[in-house]
Amino acid sequence: AQCRRLQAAAKRIVEITSEITDAETVTAEARSLMYAALERKTHKEPVAIGEIVETFLEDLRTKQETRRPDAQALVGLSTGFPQLDRFTKGIGPSTLTLIGGRPSMGKPAFALDLLLAFVEAGHPSVFYSVEQRKEEIAARILAKYSGVAGSDIAAAHLDGAQWGALGRAMNRIERLGLFIDDDHNV
C-alpha cells in the first residue's frame with residue numbers, strides 16, 4: 001500500500017512539474033506529497049488475492065504493450081550506465097535504491113549522474129541532498145555539461161572560452177526537468 005501511495009505521489013509530482021514553473025512551489029508540493037505518502041498507517045486492510053493477481057496481470061500486459069523493441073531486458077529506467085543496467089535491469093517504478101560506500105567514494109556524484117540520466121530521458125526529478133548545498137550541485141552539473149573542470153569553476157579561474165561553454169551548458173541545463181532541494185531538515 002505504501003508503494004502504491006509513493007507511486008501516486010511520484011506521478012503527481014511529475015504532473016505538477018509541467019503545471020507549475022516556480023521551483024520553490026514545486027519543491028514544497030513535492031515534499032508535501034512525499035511526506036503524506038510516507039505516513040505510516042496503523043492498520044491496513046487485507047487484499048483479496050484475485051484483486052492482486054488481476055492488477056498484476058494488467059500491469060504486466062501494459063508493460064509488454066509499451067515495451068520498446070530495443071529495450072531488451074530493461075524493466076525500468078536506464079541508469080545511463082550500461083553495465084549497471086545489465087545487472088539491475090534498470091531502475092523500476094516504486095523501487096527504493098540505496099547507494100552505499102565508504103566516505104569520499106563519490107556516492108552523491110553517482111546519484112546525481114543517475115538522476116541526470118533520468119531527466120535527460122524526459123522524467124522530471126527532484127534531487128534531495130543533505131550533504132551538499134544547491135550551489136555545489138549546480139557547479140557539478142555545469143562542469144559535466146560544459147566540459148569545464150570543476151576545479152576551475154570552484155576557483156573562479158575561467159577564460160573566455162570556458163565562460164562560453166558555461167553559457168551553452170546553462171541553456172541546456174535549464175531545459176531539464178531537474179529540481180534540487182538542499183534543505184537539511186528533510
Side-chain angles (χ1 to χ4, degrees), residues 1-41 62 66 74 76-81 90-99 106-158 160-186:
Q2 186 172 17
C3 285
R4 284 191 296 275
R5 288 193 308 273
L6 285 169
Q7 285 175 332
K11 286 179 185 176
R12 180 64 188 133
I13 291 168
V14 170
E15 289 170 4
I16 65 171
T17 59
S18 61
E19 296 168 4
I20 302 171
T21 57
D22 177 52
E24 288 184 30
T25 305
V26 170
T27 302
E29 184 67 20
R31 186 179 295 132
S32 173
L33 288 166
M34 291 307 289
Y35 285 150
L38 292 170
E39 280 184 354
R40 291 224 176 246
K41 302 295 181 190
T62 301
T66 59
L74 284 184
L77 296 175
S78 173
T79 63
F81 295 89
I91 303 296
S94 74
T95 301
L96 174 63
T97 303
L98 301 176
I99 299 169
K107 296 178 295 292
F110 178 65
L112 187 58
D113 281 344
L114 292 177
L115 193 70
L116 289 171
F118 301 152
V119 297
E120 287 174 357
H123 302 282
S125 303
V126 179
F127 185 79
Y128 292 95
S129 176
V130 295
E131 293 182 1
Q132 293 179 306
R133 294 182 351 263
K134 61 183 179 277
E135 294 82 8
E136 293 172 305
I137 297 165
R140 280 181 181 263
I141 295 170
L142 277 168
K144 178 180 177 70
Y145 282 91
S146 69
V148 175
S151 58
D152 288 345
I153 293 171
H157 183 66
L158 305 163
Q162 290 172 313
W163 276 109
L166 290 173
R168 288 186 297 280
M170 186 183 87
N171 290 334
R172 182 175 172 202
I173 292 166
E174 64 188 5
R175 289 190 298 267
L176 296 174
L178 177 60
F179 301 89
I180 298 172
D181 185 345
D182 65 351
D183 183 354
H184 297 192
N185 297 314
V186 173

For a quick test of reading the model, state the closest non-hydrogen atom pair linking [X] to [Y] and the distance between them.
X      : Y      : value
Ile137 : Ser129 : CD1-CB, 3.6 Å
Phe118 : Thr79  : CE2-CA, 4.2 Å
Asp182 : Gln132 : CB-O, 3.6 Å
Ala109 : Arg140 : CB-NH1, 3.1 Å
Ser125 : Leu115 : CB-CD1, 3.2 Å
Ala30  : Val126 : CB-CG2, 4.4 Å

Say you draw a straight line from [atom1] of [X] to [atom2] of [Y]; how long is it, rounded to the nearest 0.5 Å?
X      : Y      : atom1 : atom2 : value
Met170 : Ser146 : CE    : OG    : 12.5 Å
Phe179 : Asp22  : CZ    : CG    : 9.0 Å
Ile13  : Ile20  : CD1   : CD1   : 11.0 Å
Arg12  : Thr17  : CZ    : OG1   : 9.5 Å
Ile99  : Leu114 : CD1   : CG    : 5.0 Å
Glu135 : Ile180 : CD    : CD1   : 9.0 Å

For the backbone of Arg168 and the side chain of Arg172, can you confirm whether one donor and one acceptor N or O come within less than 3.5 Å of each other?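 A pair under 3.5 Å: no.
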Is there a side-chain contact between [X] and [Y] (heavy atoms, below 4.5 Å)?
X      : Y      : result
Leu166 : Ile153 : yes
Asp183 : Arg31  : yes
Tyr145 : Leu176 : yes
Leu6   : Met34  : yes

Taking atom [atom1] of [X] as the centre, report whether more than 12 heavy atoms of other residues, nucleotides or ligands fall under 6.0 Å from it.
X      : atom1 : result
Glu174 : CD    : yes
Lys144 : NZ    : no
Glu24  : CD    : no

Between Val148 and Leu142, does a side-chain contact (heavy atoms from CB on, under 4.5 Å) hold up when you go through it step by step? CA-CA 8 Å; Val148 175; Leu142 277 168; over 6 Å; no
